[in-house]
Amino acid sequence: TLDTFKFAGKLLAKCIYDSAVRQPRPIRLHFTRSFYKLILQLPLDYFDFEFDDPLFFQLKIRYLLELTDASKLNELDLIFAEEELNENGKLKCLKDVKSNGRNIKVSMENKLEYLQLLANFKLYNRV
């Protein structure tokens, strides 16, 4: 969208300004894969976490993808919502990744949908 390009332009302009005026030095700027995909208007997916947040990918995404035991998935008690924590690490609020998501349990049948919605929420909606 146009807003994405405006945001990217403002970010680059600030970096150039800061490097030229405030502290002259070369710009060392690295964008995440998901940011490039947003600029190019390519769809995001849960595999983008492998590059943007490798630890999250290993601990949550890959684990859920490889999980084949429905009872173990049920034990995780996952819902279509994501916790937002405050600065102290305490629960601030619960954000639905799907309409009424806090009332929908993640199952073997919908876990790929959950992962895709989680990727959109964390990589797009929170940018």
Side-chain angles (χ1 to χ4, degrees):
T1 66
L2 184 57
D3 289 337
T4 304
F5 284 105
K6 285 181 182 178
F7 171 73
K10 287 178 182 179
L11 182 65
L12 288 174
K14 173 137 176 55
C15 290
I16 292 168
Y17 174 80
D18 285 350
S19 70
V21 175
R22 290 182 149 195
Q23 294 177 325
R25 62 176 181 238
I27 300 171
R28 292 192 177 126
L29 184 64
H30 301 281
F31 292 122
T32 63
R33 179 178 170 164
S34 60
F35 186 77
Y36 285 122
K37 288 176 90 172
L38 284 173
I39 291 172
L40 297 171
Q41 295 182 331
L42 297 172
L44 298 171
D45 65 42
Y46 45 85
F47 285 108
D48 292 324
F49 283 115
E50 188 171 9
F51 303 97
D52 291 3
D53 191 346
L55 185 62
F56 182 77
F57 181 80
Q58 287 291 329
L59 296 177
K60 188 162 189 174
I61 307 298
R62 178 169 283 153
Y63 178 78
L64 289 175
L65 287 172
E66 295 174 354
L67 188 63
T68 57
D69 185 348
S71 64
K72 285 187 179 180
L73 181 60
N74 285 336
E75 288 174 13
L76 295 174
D77 215 18
L78 293 173
I79 55 174
F80 277 76
E82 189 67 10
E83 295 177 343
E84 282 209 3
L85 306 176
N86 65 19
E87 303 83 32
N88 301 324
K90 300 206 181 203
L91 182 63
K92 179 176 154 184
C93 63
L94 200 59
K95 298 275 188 168
D96 291 333
V97 298
K98 179 179 184 172
S99 181
N100 198 32
R102 65 191 70 205
N103 297 314
I104 303 170
K105 286 193 58 95
V106 176
S107 66
M108 295 302 285
E109 293 76 28
N110 66 16
K111 75 176 180 179
L112 293 180
E113 177 190 11
Y114 167 74
L115 290 173
Q116 185 59 49
L117 291 169
L118 183 64
N120 285 332
F121 175 76
K122 287 177 115 16
L123 298 173
Y124 180 73
N125 295 339
R126 296 176 93 188
V127 171

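Note that the numbering runs from 1 along the sequence shown for the chain. The basis for the numbers below is simple: all heavy atoms, side chains too, and nothing from hydrogens, waters or symmetry mates. Every value quoted in this text rests on a predicted model; they were computed, and no experiment measured them.
- Criterion: ILVMFWY side-chain heavy atoms under 4.5 Å apart, direct or through other members. Under it, Leu117 and Leu94 are not part of a common hydrophobic cluster.
- In this structure a side-chain-to-backbone donor-acceptor pair under 3.5 Å is missing from Glu50 to Gln58.
- With hydrogens and angles left out, the side-chain atoms of Asn74 and Ser71 include no donor and acceptor closer than 3.5 Å.
- Under the 4.5 Å side-chain contact rule for hydrophobic residues, Leu73 and Leu59 do not share a cluster.
- Residues Leu78 and Leu64 have side chains in contact (heavy-atom distance under 4.5 Å, counting atoms from C-beta outward).
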Side chain to side chain contact (heavy atoms under 4.5 Å, CB included) between Tyr46 and Leu112, worked out: CA-CA 9 Å; Tyr46 45 85; Leu112 293 180; 3.5 Å; yes

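- Considering all non-hydrogen atoms of both residues, Ser34 and Leu123 come closest at OG-CD2, 3.9 Å.
- In this structure, Asn86 contributes its side chain and Gly89 its backbone to a donor-acceptor pair below 3.5 Å.
- Under the 3.5 Å distance criterion, the side-chain polar atoms of Asn88 are left unmatched by any main-chain donor or acceptor of Lys90.
- Leu44 has its side chain within reach of Leu38: a pair of non-hydrogen atoms, C-beta onward, lies under 4.5 Å apart.
- Met108 contributes atom CE, which lies 10.0 Å from atom CG of Asn110 (distance to the nearest 0.5 angstrom).
- Leu67 has its side chain within reach of Leu76: a pair of non-hydrogen atoms, C-beta onward, lies under 4.5 Å apart.
- Under the 4.5 Å side-chain heavy-atom criterion for ILVMFWY residues, no single connected hydrophobic cluster contains both Ile79 and Tyr114.
- Applying the 6.0 Å contact sphere to NZ of Lys95 captures no more than 12 heavy atoms from other residues, nucleotides or ligands.
- Look at Lys122 and Glu83 and you find no salt bridge, because none of the NZ, NE, NH1 or NH2 atoms lies under 4.0 Å from a carboxylate O.
- At least one side-chain heavy atom of Leu118 sits under 4.5 Å from a side-chain heavy atom of Lys60.
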Test side chain to side chain contact (heavy atoms under 4.5 Å, CB included) applied to Phe7 and Phe35, step by step: CA-CA 11 Å; Phe7 171 73; Phe35 186 77; 3.7 Å; yes

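- Note on residues 100-119: pairs passing salt bridge (Lys or Arg N to Asp or Glu O under 4.0 Å), not counting sequence neighbours, are Asp77-Lys105, Asp96-Arg102, Lys98-Glu113.
- With a 4.5 Å cut-off on side-chain heavy atoms, Arg62 and Glu66 count as touching.
- Residue Phe51 belongs to no hydrophobic cluster, having no ILVMFWY side-chain heavy atom closer than 4.5 Å to its own.
- Judged as a ring-ring contact (aromatic ring centres under 6.0 Å, His included), and not counting sequence neighbours, the contacts of Phe49 are Phe56.
- Between Ile104 and Ser99, the shortest heavy-atom distance links the atoms CD1-O, 3.9 Å.
- In this structure, Leu115 and Leu65 have side chains that are in contact, with non-hydrogen atoms separated by less than 4.5 Å.
- With respect to the salt-bridge test (charged N to carboxylate O, under 4.0 angstrom), the residues Arg33 and Asp48 qualify.
- In this structure a side-chain-to-backbone donor-acceptor pair under 3.5 Å is missing from Lys37 to Leu42.
- Asp52 places no side-chain N or O within donor-acceptor distance of the main-chain N or O of Thr32, the cut-off being under 3.5 Å.
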